[in-house]
Amino acid sequence: MGSDRMKQKRRPHISEEKIIEASWKLLSSQGIEQFTMRSLATELHIQAPTIYWYFKNKQILFQALANEVAREIIRDLPETGVWRERLLLSIQVIRQKLKQFPCSAQILIKSRPESDYLQLFDCLLQMIEPTQLSDKQKFSYVSHVFNFVIHYAIDEYEQRMLHLTLEDEGEGSSEINLSQFSLIERMHDAQLFNLIGSDEMFESGIALLLDGIEQRVIESSRETT
């Protein structure tokens, strides 16, 4: 009996919440490529099998992380306003949350849609429900917008990782001769390549998408009158 008490005292105090919190911390410091259940156990100062009592594998853990991100986004979505205004504010919320939770864009892509994700998508669909668009258009356009935000975040991450890799290999300052590519050279000289991954380019992409949706909304309204 005394032995059982000793085992209970030595058993680490752990919970799903602590595992999830440590997962975000590890994703921030190591990135998604280096993330393993073993490295997570090291971060938590426990044995790896302990984690499996709560999450049977990494995919299930990623699912829990994806669900948390979806809930966090839903919590801050605007509830009033015209469709374009609400959708734009929602995009800003999603982008901010993807920055807040490291590698969450990749995790959302790697996870299957569950109730939290579906509720998030339904909230976005509800924003353009009052328009005269067909259901096919609504589903398609919301998917385009959501995927743009997700993949822009992934591209930012990949650009950041590439930059760090080149720096580590001492190739950060290497340049390519662009003289044979006149248009690219002109834009490079104008420092337009600095726009890649910037907020300005993100906003211009979103504006292009929303302008396109708005034009279809106008056309749909004309067709029904």
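Quick note: residue numbers are just sequence positions, from 1. What you see is a predicted model, and the numbers here were worked out from it, not measured in a lab.
- With hydrophobic clusters built from ILVMFWY side chains whose heavy atoms lie under 4.5 angstrom apart, Ile196 shares a cluster with Ile206.
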What side-chain donor-acceptor pairs closer than 3.5 Å can you find for residues 145-156, not counting sequence neighbours?
unit_1	atom_1	unit_2	atom_2	d
Asn147	ND2	Ser143	O	3.1
Tyr152	OH	Gly197	N	3.4
Tyr152	OH	Ser198	N	3.2
Tyr152	OH	Ser198	O	2.7
Tyr152	OH	Phe202	N	3.4
Glu156	OE1	Arg95	NH1	3.3
Glu156	OE2	Arg95	NH2	3.3

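- Sorted by first then second residue, the side chain to side chain donor-acceptor pair (under 3.5 Å) pairs that include residues 61-71, not counting sequence neighbours, are Trp24-Glu68, Asn67-Glu114, Arg71-Asp116.
- Applying the side chain to side chain donor-acceptor pair (under 3.5 Å) rule to Asp211 yields the partners Arg84; only residues at least two apart in sequence or on another chain are considered.
- Remark: Phe55 pairs with no residue by the ring-ring contact (aromatic ring centres under 6.0 Å, His included) rule, at least two apart or across chains.
- Summarising the local packing, CD of Glu21 is surrounded by 12 or fewer heavy atoms from other residues, nucleotides or ligands at distances under 6.0 Å.
- Follow the hydrophobic side-chain contacts under 4.5 Å out from Leu208 and you never reach Ile91; the two are in separate clusters.
- Residue pairs meeting the side chain to side chain donor-acceptor pair (under 3.5 Å) criterion with at least one partner in residues 177-189, sequence neighbours excluded, are Asn177-Ser179.
- The same ILVMFWY cluster, assembled from side-chain heavy atoms under 4.5 Å apart, contains both Trp53 and Leu44.
- Formation of a donor-acceptor pair under 3.5 Å by the Tyr141 side chain with backbone atoms of Ile128 is not found in this model.
- Exactly one residue among Leu88, Leu89, Leu87 makes a side chain to side chain contact (heavy atoms under 4.5 Å, CB included) with Met127. That residue is Leu87.
- The ring-ring contact (aromatic ring centres under 6.0 Å, His included) check on Tyr157 picks up nothing, with sequence neighbours excluded.
- Ile94 places none of its side-chain heavy atoms less than 4.5 Å from the side chain of Lys97.
- By the neighbour-count criterion of 12 heavy atoms within 6.0 Å, atom CD of Gln34 is sparsely surrounded, having that number or fewer from other residues, nucleotides or ligands.
- For NZ of Lys58, the number of neighbouring non-hydrogen atoms (other residues, nucleotides, ligands) closer than 6.0 Å is greater than 12.
- Side-chain contact between Glu72 and Phe101 is present, with heavy atoms from C-beta onward closer than 4.5 Å.
- Taken to the nearest 0.5 Å, the OG atom of Ser39 stands 4.5 Å off from the CG atom of Leu26.
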